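In each ligand, atom 1 is the first atom listed, and ligand 1 is the first ligand listed. These numbers come from a predicted model, not from an experiment.
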Amino acid sequence: MNSVEERLAAVRTHIDSICRECGRNPEEVRLIAVSKTKPASLVRQAVEAGQADIGESYVQEFLDKSADPELRDLEVNWHFIGHLQSNKIKYIIDRVCMVHSIDKLSTAKELSKRARAKELTVDYLLEINTSGESTKFGISPQELLDTAPSFFDLPSIRLRGLMTIASPDPRKAPGEFKLLRNLLEKLRSIAPDPSTVTELSMGMSGDFEEAIRAGSTMVRIGTAIFGSR
Ligand SMILES: *Cc1c(COP(=O)(O)O)cnc(C)c1O
């Protein structure tokens, strides 16, 4: 097996070549290395190879890893990308640079309350269920359009864009990515400050090519960097 450093380099090269093919600037696509179930030692290898943006999905694992002595001397931008219950927000709020997976107004309200109490401004994305699968978390497209103003009203947090996990079916994923991009345009049209609502967190190891072609600004890649789970 190749090292984390080699796999990271291969993924970055791949992202650059897709961007070139579709006429995008590679700097518009931020790579988030998803380290769930993988040890802090591998995160260390990634960060030392220049990969500062790291994604985690489970609260307890994230808390353990972000406090691991192995990473103490390193600067890591932690992205929380997994399902988040309101009662767990207090544990993660001052350790994350962005929460990708807010899927309810009540959770956003709790994020706002906790951010305000700590005098922080927290960036977040709304997770959208673009595939309509009942097993997936996320706000439906219609609900997003109906409730978006309430999200923009909350203090101490900033809605920066949208996130989705596409269907594993490669015939369906491209349409879901395009749907997310269209929803972002609609969200921007009602945003108090559209210049801050720009992020599309979409694309994983199996589908990041299509996601980048559809306008992704953040790809969340685990397996292709850290190996299978
Ligand atoms: C695990 C996970 C990823 C990374 O998936 P890979 O297929 O391993 O690249 C991306 N996004 C979310 C929300 C995840 O939970």
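- Separation of atoms CZ (F137) and CD1 (I128) is listed at 14.5 Å; rounding is to 0.5 Å.
- Every atom of ligand 1 with a heavy atom of I165 under 4.0 Å away is listed here by number and element: 13 (C).
- Every atom of ligand 1 with a heavy atom of R220 under 4.0 Å away is listed here by number and element: 4 (C), 9 (O), 10 (C), 11 (N), 12 (C), 13 (C).
- Sparse packing is recorded around NZ of K118, with 12 or fewer heavy atoms of other residues, nucleotides or ligands lying under 6.0 Å away.
- R12 is listed as a side-chain neighbour of Q51, based on a closest heavy-atom distance under 4.5 Å.
- Inclusion of M163 in the set of residues having an N or O under 3.5 Å from an N or O of ligand 1 is not warranted.
- No close placement of the H83 and Y58 rings is indicated, their centers lying 6.0 Å or farther apart.
- Using a 4.0 Å cut-off to heavy atoms of T223, the atoms of ligand 1 that qualify are 6 (P), 7 (O), 8 (O), 9 (O).
- In this structure, the protein non-hydrogen atom closest to atom 10 (C) of ligand 1 is M204 SD, 3.4 Å.
- For ligand 1, the atoms sitting less than 4.0 Å from at least one non-hydrogen atom of I221 are 9 (O), numbered in the order shown with element in parentheses.
- Counting atoms of ligand 1 from 1 in the listed order, those under 4.0 Å from a heavy atom of K36 are 1 (C), 2 (C), 3 (C), 14 (C), 15 (O).
- Here the options are K38, K65, K36, the test is salt bridge (charged side-chain N to carboxylate O under 4.0 Å, His left out), and the partner is E56; only K65 passes.
- The hydrophobic cluster containing F152 also contains L200, counting ILVMFWY residues as joined when their side-chain heavy atoms lie under 4.5 angstrom apart, directly or transitively.
- Shortest contact from atom 9 (O) of ligand 1 to any protein heavy atom: S205 OG, 2.5 Å.
- Ranking the protein heavy atoms by distance from atom 12 (C) of ligand 1 puts I81 CD1, 3.5 Å first.
- The side-chain heavy atoms of V11 and I15, taken from C-beta on, include a pair separated by under 4.5 Å.
- Residue S57 places a heavy atom under 4.0 Å from ligand 1.
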Could you walk me through whether T107 and I102 pass the side-chain contact (heavy atoms from CB on, under 4.5 Å) test, one step at a time? CA-CA 7 Å; T107 318; I102 297 295; 3.9 Å; yes

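- Residue H100 places every heavy atom at 4.0 Å or more from ligand 1.
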